[in-house]
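First comes the structure, then the notes that go with it.
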Amino acid sequence: QVQLVESGGGLVQAGGSLRLSCATSGRTFSNYAMGWFRQVPGKEREFVAAVSRNGGSTYYADSVKGRFTISRGYAKNTVYLQMNSLIPEDTAVYYCAAARVDYGLGNSLEYAYWGQGTQVTVSS
């Protein structure tokens, strides 16, 4: 079992930045690829970014490429999502997730564990 706890969400103006954190516990952090997804009411959960188990590969949705950066800190068993140049369309609940595999990380079905989510609101 892996426990995931997100933090760092909040209200920010368009053009601003936020850094989300996802603290993990319960199993060996390096055994899991990590991903971030987001969801707005009435829509399906959407892939945002992912990082492989060894941190060597990262993946991004086209909508966030060049603005968001995912990274993992092995010392703190934490994964981060640095979000810059935020736009109102980035408003959503952001979820952290852990996958036992290093493939198909854009697909939410590959993830075995999920956090509770943190709200990000970008005002225009």
Side-chain angles (χ1 to χ4, degrees):
Q1 192 79 351
V2 176
Q3 291 79 43
L4 307 173
V5 179
E6 302 97 334
S7 62
L11 173 64
V12 64
Q13 287 189 331
S17 298
L18 282 174
R19 188 175 82 155
L20 304 183
S21 299
C22 174
T24 73
S25 61
R27 291 291 176 92
T28 304
F29 181 59
S30 58
N31 286 348
Y32 295 86
M34 302 298 297
W36 286 96
F37 288 74
R38 64 188 182 186
Q39 190 170 23
V40 297
K43 291 191 175 182
E44 290 188 358
R45 196 163 291 189
E46 173 189 32
F47 169 73
V48 176
V51 58
S52 61
R53 286 178 288 187
N54 67 3
S57 297
T58 55
Y59 310 90
Y60 297 93
D62 287 344
S63 59
V64 306
K65 275 181 185 175
R67 301 188 298 121
F68 291 11
T69 302
I70 189 170
S71 61
R72 55 192 306 161
Y74 291 93
K76 295 186 176 182
N77 293 341
T78 300
V79 63
Y80 304 97
L81 185 68
Q82 178 66 43
M83 306 187 295
N84 298 328
S85 302
L86 285 161
I87 59 178
E89 289 76 15
D90 293 321
T91 296
V93 176
Y94 283 71
Y95 296 90
C96 172
R100 296 189 185 97
V101 297
D102 265 343
Y103 55 81
L105 295 178
N107 185 346
S108 62
L109 296 177
E110 296 295 345
Y111 293 82
Y113 303 101
W114 292 84
Q116 293 299 307
T118 185
Q119 176 71 45
V120 171
T121 303
V122 184
S123 63
S124 58

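All residue numbers in this chain count up from 1 along the given sequence.
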- [ ] Using a 4.5 Å cut-off on heavy atoms from C-beta on, say whether the side chain of Q1 contacts that of Q3.
- [x] yes
Task: Ring centers of Y111, F37 separated by less than 6.0 Å - done: yes
Open item on the list: Which heavy atom of G9 sits nearest to which heavy atom of L20, and what is that distance?
Closed with: N-CD2, 3.6 Å
Open item on the list: Please check: side-chain N/O of E110 versus main-chain N/O of A99, any donor-acceptor pairing under 3.5 Å?
Closed with: no
TODO: Please report the closest heavy-atom contact between S85 and R67, naming both atoms and the distance.
DONE: O-NH1, 3.0 Å
TODO: Kindly work out whether a path of hydrophobic side-chain contacts (I/L/V/M/F/W/Y, heavy atoms less than 4.5 Å apart) joins V93 to V120.
DONE: no
Task: Straight-line distance of R72 CZ to T58 OG1, nearest 0.5 Å - done: 12.0 Å
TODO: Evaluate the criterion side-chain contact (heavy atoms from CB on, under 4.5 Å) for residue pair D102 and S57; output intermediate values, then yes/no.
DONE: CA-CA 9 Å; D102 265 343; S57 297; over 6 Å; no
Open item on the list: Which heavy atom of A98 sits nearest to which heavy atom of L4, and what is that distance?
Closed with: N-CD1, 3.8 Å
Task: V51 with L105, same ILVMFWY side-chain cluster at under 4.5 Å - done: no
Task: Close side-chain approach of E46 and S63, heavy atoms under 4.5 Å - done: yes
Open item on the list: So which atom in R53 and which in Y32 form the shortest heavy-atom distance, rounded to 0.1 Å?
Closed with: CG-C, 3.3 Å
Task: Backbone of Q82 reached by a side-chain donor or acceptor of T69 within 3.5 Å - done: no
Task: Donor-acceptor pair, side chain of Q116 and main chain of V5, under 3.5 angstrom - done: no
Task: Residue pair Y59, I70: steps toward the side-chain contact (heavy atoms from CB on, under 4.5 Å) verdict - done: CA-CA 8 Å; Y59 310 90; I70 189 170; over 6 Å; no
Task: Side-chain heavy atoms of Q39 within contact of S108, under 4.5 Å - done: no
Task: Which atom of S123 lies closest to which atom of L11, heavy atoms considered - done: CB-CD1, 4.3 Å
Task: Value rounded to 0.5 Å, distance of CH2 in W36 from OH in Y80 - done: 10.5 Å
TODO: Check whether Y94 and L18 end up in the same hydrophobic cluster, where Ile, Leu, Val, Met, Phe, Trp and Tyr are linked by side-chain heavy atoms less than 4.5 Å apart.
DONE: yes
TODO: Determine whether F47 and L86 fall in the same hydrophobic cluster, where Ile, Leu, Val, Met, Phe, Trp and Tyr are linked whenever their side-chain heavy atoms lie under 4.5 Å apart.
DONE: no
Task: hydrophobic_cluster_shared for V79 and Y113, side chain cutoff 4.5 Å - done: yes
Open item on the list: Can you confirm whether Q119 sits close enough to T91 that some side-chain heavy atom of one is under 4.5 Å from a side-chain heavy atom of the other?
Closed with: yes
Open item on the list: What I'd like to find out is whether the side chain of V64 reaches to under 4.5 Å of the side chain of M83, using heavy atoms alone.
Closed with: no
Open item on the list: Nearest 0.5 Å, please: how far is OG in S71 from CE in M34?
Closed with: 11.5 Å
- [ ] Could you pull out the closest heavy-atom pair between Y74 and S52, with the gap in Å?
- [x] OH-O, 4.4 Å
Open item on the list: Is any side-chain heavy atom of W114 closer than 4.5 Å to one of R45?
Closed with: yes
Open item on the list: Do D90 and F68 have side chains that approach each other closer than 4.5 Å (heavy atoms only, starting at C-beta)?
Closed with: yes
Open item on the list: Quick check: do Y95 and V48 have side-chain heavy atoms less than 4.5 Å from each other?
Closed with: no
